[in-house]
Amino acid sequence: MDKRYDHKLYEEKIYSLWEKSGAFTPKIDPKKKPYTIVLPPPNASGRMHTGNVLMIAIEDLLIRWKRMQGFSTLWIPGTDHAGFETQITFERTLKEKGKSRFDFDRNTLYKKIEEFVLENKGLIEEQIRNMGASVDWSRYKFTLDPDVIETVVNTFEKLHKDGLVYRDNYMVNYCPICGTTFADLEVKHKERKDPLYFLKYGPFSLATVRPETKFGDTAVAVHPDDKRYKQYIGKEIEVEGLLSKFKLTVIADTFVDPKFGTGVVKVTPAHDKNDYEAGLRHNLEIKPVIGLDGKLNENAGKYAGLAVTAARKIIVEDLRKKGLLEKIDENYIHTVAVCYKGGHDIEPTILPNWFVKVKKLKEPAHNAVKEGVVKIYPKWQESKYHRWMESMQDWPISRQVVWGIRIPAWYDINDNKNLLITFLNNKKETVSGEIGKLSEKYSFEEIEKGLQTLIAPQSAKYVIAAHKPKGEFLQETDTFDTWFSSGQWPLVTLGYPNSKDYKYFYPTDVLETAWEILRLWVSRMIMFGIYLTGKPPFKDVYLHGIVRALDGKKMSKSLGNVINPEEYQEEFGTDALRMGLISGTANGKDFNFPRDKVISFRNFANKVWNIGRFLSIVLEKEGYKKYDDLLSYSKDMESKLKQEDKDLVKKFDQLTKDVNTCLGKYRFSDAAEVIYHFMWDDLASNYLENNKNRVDKDVTLSVFRHVYFNSLKLLHPFMPFITEAIWQELKNQRKYPEQLLISSSWPENM
RNA sequence: GGAGUCGUGGCUCAGCGGUAGAGCGUCGCAUUCACAUUGCGAAGGCCGAUGGUUCGAAUCCAUCCGACUCCACCA
């Protein structure tokens with residue numbers, strides 16, 4: 001053995017040793033208990049980040065521990081297509097080539113993104129390997145694998161049959177100039193100076209930047225505690241308008257800031273997110289005044305057909321003439337939402353979206369945690385779950401992205417003449433409009449082939465089917481929210497509903513992930529799990545903290561503080577990185593990247609290595625070349641043992657108990673610490689130093705060898721590479737030289 | 001604006017009702033000993049502030065100050 005442990009010489013070889021041995025793939029054995037973890041799939045849009053690395057370290061630790069304890073352990077790897085995020089990343093590469101998503105029809109774009117993702121997927125798989133993850137590669141899944149899509153589509157069909165799916169208006173970020181919707185992620189907030197108009201509104205005066213939305217007002221709101229307006233709450237007021245007099249109800253809502261402007265707000269549910277939500281709370285009518293073309297619609301009377309900015313000027317002028325404009329604040333600075341693509345103003349608009357009724361799904365999911373059928377660790381995260389469950393509204397599951405699983409709804413174009421479509425014709429020109437008119441000019445085939453987007457009015461007739469029905473049907477162009485499909489991840493990875501895997505391994509044991517996605521992901525998995533199988537998909541949820549940068553802030557490209565875990569892996573070894581990260585997160589709280597700890601565990605690795613080196617040198621020197629040459633440790637040696645031998649064995653016994661207890665409670669860093677101190681202080685500094693010159697060499701070496709090998713077992717789930725490396729180096733000193741440490745059995749209490 | 005987490009030695013953190021702990025760093029000493037990715041030793045903290053509960057508080061409660069994070073972003 002070399003003087004120092006060099007991780008670069010061992011890690012790759014050892015991983016392939018494990019993989020070839022078949023240790024990663026469990027046997028379905030009814031006599032054994034299963035222990036299952038499904039890896040939260042990293043996004044295939046880029047390399048893994050530090051958080052993913054921590055996740056792998058923790059899950060591999062649990063899996064190796066249980067595997068050594070004799071469970072039939074399964075850890076399923078996978079990657080996620082990550083809808084929006086991937087599509088945005090891909091579009092950046094398109095932009096570099098001077099192109100955009102609008103240059104392609106839907107199917108072509110999908111294929112291009114798919115090629116892009118295939119490259120990234122490979123990178124992530126390699127990283128998972130480099131981390132030493134003992135995942136079962138034979139069960140690897142990607143969220144867009146055909147069988148995954150099939151299950152997700154089936155679930156949607158079932159939801160539909162059960163009456164839990166509906167279409168309804170939903171507020172989206174719509175850009176009238178680009179003619180498409182944008183995700184919140186794609187919307188930029190810009191500070192800008194705009195005139196703030198003070199309008200006379202019946203008995204009130206109120207401030208607005210957008211007088212042109214006046215025709216969509218369906219209420220006026222004040223703060224419930226505002227004494228000035230208390231008498232009006234719940235009453236109808238009459239307002240002099242540009243078109244005619246109209247009546248509005250005064251509502252009270254805390255979203256109104258009494259200090260802003262006059263403390264009175266006009267409520268336009270169709271074109272403002274805040275107002276939209278207030279509208280839902282107060283059951284207000286939604287009255288759109290701006291169409292998808294960015295022009296005022298028929299609700300604006302004589303102003304119909306004018307574009308928003310042009311309309312504003314004319315309307316302000318007319319208000320002034322009528323004496324309804326009280327004053328203008330020209331220096332008002334506020335933030336406006338603009339689209340990332342062209343910087344155009346976003347027009348919050350309501351469009352029909354697909355929804356899942358959540359009530360029936362969330363109640364059992366809520367109860368499962370309340371009743372402890374699913375336990376959340378650390379406990380203090382549980383309140384977040386309950387608060388979310390209590391406030392959860394119906395779930396909008398449709399996304400206006402190409403990269404995802406397309407919603408299996410079909411529109412017969414002959415029954416839905418008013419479908420709004422955008423497509424590329426055979427000359428690659430963008431054409432948009434109502435299908436009724438367009439199909440007079442273009443064949444169905446040409447439209448279908450070049451289709452980019454389709455917007456069906458809420459009244460549209462549709463069929464839900466996995467495959468295209470006979471006739472002139474166009475499929476919905478919206479895709480499922482990523483969380484709709486990944487919410488079924490434990491089921492799809494196990495081959496629900498009929499596979500052997502599903503029957504044996506479901507429900508899984510623990511779901512380990514970042515607390516950030518408790519709401520987005522964990523809650524959905526519990527909902528779907530119970531809905532489809534009657535059982536929650538896992539028994540425990542362990543939520544780890546977020547790894548922040550060295551400066552204590554969240555890592556971000558713009559701050560330039562992103563830590564590339566691979567640099568640490570390269571310099572200090574995978575084991576040190578894993579152990580450092582694990583001991584950084586004591587109780588699931590966020591923590592700064594523990595650079596010092598990574599270094600300290602690199603040092604520890606070397607210590608562990610040198611204990612082994614010492615052992616092998618001494619055994620060689622004393623002539624104990626093979627396992628059988630030396631007295632092997634056993635219970636009936638008791639009479640020969642000295643007090644220090646007994647103490648060491650006793651301490652090791654306690655260590656085993658402590659490690660089991662800590663791991664059972666997901667207290668990983670506590671477990672790491674006790675092993676660290678046992679091996680360094682008790683075993684190396686004390687026992688080894690104090691017993692170097694004993695006369696009864698056979699006894700002390702026997703005790704030492706025994707305790708050391710068993711310590712390696714306890715350490716293996718934390719630092720798999722170095723422990724296996726030593727295990728192999730000391731082959732001849734083991735009873736079963738061919739056995740790998742990964743497949744060896746966990747120490748029993750002695 | 002709403003919510004959450006955290007303020008403990010120079011740094012990063014553990015402890016969460018009963019005499020202040022770890023790693024790293026610092027300082028001093030040691031060295032052909034398995035290991036300098038080492039050994040031995042030392043210095044260094046009225047546990048953010050102020051009140052309260054208690055026989056007793058870093059640990060529980062309240063208020064304040066500060067840091068970080070998520071969500072909603074202003075008519």
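To find a chain, count down the sequence lines: A is the first, B the second, and so on, and within it residues start at 1.
Distance A:M579 CE to B:A22 P: 18 Å, rounded to the nearest Å. Spacing between atom NZ of A:K607 and atom P of B:C35 amounts to 10 Å, rounded to whole angstrom units. Rounded to an integer number of Å, the gap from CD1 of A:I599 to P of B:A22 is 19 Å. Rounded to an integer number of Å, the gap from A:D596 CG to B:C24 C1' is 4 Å. Across the protein-nucleic acid pair, A:Y687 atom OH and B:C35 atom C1' stand 20 Å apart, rounded to whole Å. Remark: C1' of B:G7 and CG of A:N592 are 13 Å apart, rounded to the nearest angstrom. Atom pair A:I582:CD1 and B:A22:P shows a separation of 23 Å (rounding to whole Å applied). Regarding A:H386, its NE2 atom lies at a distance of 19 Å from the P atom of B:A3, rounded to whole Å.
Scored by the salt bridge (charged side-chain N to carboxylate O under 4.0 Å, His left out) test, A:K597 finds no partners at all (sequence neighbours excluded). With sequence neighbours excluded, no residue forms a side chain to side chain donor-acceptor pair (under 3.5 Å) with A:D629. Scanning for side chain to side chain donor-acceptor pair (under 3.5 Å) contacts around A:D681 gives A:H677, with sequence neighbours left out. Every side-chain contact (heavy atoms from CB on, under 4.5 Å) that A:P565 has, sequence neighbours left out, goes to A:T50, A:V53, A:L577. In terms of the side chain to side chain donor-acceptor pair (under 3.5 Å) criterion, A:T723 has no residue partners (sequence neighbours excluded). Here A:R548 pairs with A:N592 under the side chain to side chain donor-acceptor pair (under 3.5 Å) rule; sequence neighbours left out. In this structure, the ring pair (Phe, Tyr, Trp, His ring centres under 6.0 Å) partners of A:Y542, at least two apart in sequence or on a different chain, are A:Y666, A:F668.
Checking the phosphate oxygens (OP1, OP2) of B:U37, no side-chain nitrogen or oxygen of A:N610 falls inside 4.0 Å. Regarding contacts with the backbone of B:U37, every side-chain N or O of A:R602 stays at 4.0 angstrom or more from both OP1 and OP2. Here A:W680 does not reach the OP1 or OP2 of B:A22: none of its side-chain N or O atoms lies under 4.0 Å away.
Using atom P as the reference point in both B:G2 and B:A20, the two lie 40 Å apart (nearest Å). B:C16 sits 40 Å from B:C29 when the P atoms are compared, rounded to a whole Å. Comparing the P positions of B:U38 and B:C24 gives a spacing of 8 Å, expressed to the nearest Å. Atom name P, nucleotides B:A3 and B:A62: the rounded distance is 14 Å, in whole Å. B:A14 and B:C71 are spaced 30 Å apart, taking the C1' atom of each and rounding to whole Å. Spacing of P atoms, B:G15 relative to B:G48, comes out at 15 Å, to the nearest Å. For the P atoms, the distance linking B:G17 with B:C70 amounts to 31 Å, nearest Å. Rounded to the nearest Å, the gap between the C1' atom of B:U19 and that of B:C13 is 23 Å.
Residue A:R387 has its side chain nearest to B:G4 when only B:A34, B:G4, B:A14 are considered. The listed nucleotides are B:U37, B:C13, B:C35; the one nearest the side chain of A:K3 is B:C35. Of the candidates B:C35, B:C13, B:A14, the closest approach to any side-chain atom of A:K589 belongs to B:A14.
In this structure, the ring of A:F601 has its center no less than 6.0 angstrom from the ring center of A:F718.
At the heavy-atom level, A:R595 lies nowhere under 4.0 Å from the strands shown. Residue-level contact check: A:K692 touches the bases, meaning some heavy atom is under 4.0 Å from a base atom. A:R519 comes within contact range of no nucleotide atom at all, as no heavy-atom separation falls under 4.0 Å. Counting any heavy atom pair closer than 4.0 Å across all strands shown, A:E689 reaches a base atom.
Using a distance-only test at 3.5 Å, with no hydrogens or angles considered, no donor-acceptor pair links the side chain of A:N691 to the main chain of A:R694.
Remark: RNA chain B takes part in the stems B:1-7 with B:65-71, B:10-13 with B:21-24, B:26-30 with B:38-42, B:48-52 with B:60-64, each of 3 or more antiparallel Watson-Crick or G-U pairs, criterion distances under 3.5 Å.
Between A:F593 and A:R667, the one whose closest nucleotide on RNA chain B sits nearer the 5' end is A:F593. Nearest-nucleotide assignment on RNA chain B puts the 5′-proximal partner with A:S669, out of A:D272 and A:S669.
Cation-pi contact between A:R524 and A:W395: present, with separation from the ring centre below 6.0 Å and deviation from the ring axis of at most 45°.
Within residues 202-216 of chain A, the residues having any heavy atom under 4.0 Å from RNA chain B are, by residue number, A:A207, A:T208, A:V209.
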Throw together a table of side-chain donor-acceptor distances under 3.5 angstrom for residues 607-617 of chain A, partners on residues two or more places apart or in other chains.
{"from": "A:W609", "atom 1": "NE1", "to": "A:D2", "atom 2": "O", "distance (Å)": "2.8"}
{"from": "A:N610", "atom 1": "ND2", "to": "A:K3", "atom 2": "O", "distance (Å)": "3.2"}
{"from": "A:N610", "atom 1": "ND2", "to": "A:N606", "atom 2": "O", "distance (Å)": "3.1"}
{"from": "A:R613", "atom 1": "NH1", "to": "A:M1", "atom 2": "O", "distance (Å)": "3.0"}
{"from": "A:S616", "atom 1": "OG", "to": "A:R613", "atom 2": "O", "distance (Å)": "3.2"}

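At a threshold of 4.0 Å, the pair A:E390-A:R387 does not count as salt-bridged, since none of the basic side-chain nitrogens sits closer than that to a carboxylate oxygen. A salt bridge is absent between A:K8 and A:E11: the closest approach of a Lys/Arg side-chain nitrogen to an acidic carboxylate oxygen does not fall below 4.0 angstrom.
Residue pairs that meet the side chain to side chain donor-acceptor pair (under 3.5 Å) test with at least one member in residues 205-215 of chain A, sequence neighbours left out, are A:S205-A:E326, A:R210-A:E212, A:R210-A:E347, A:E212-A:R312, A:T213-A:K266.
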Might you list the N or O atoms of the protein lying below 3.5 Å from N or O atoms in nucleotides 67-69 of chain B, with each pair's distance?
{"from": "B:U69", "atom 1": "OP1", "to": "A:K554", "atom 2": "N", "distance (Å)": "3.1"}

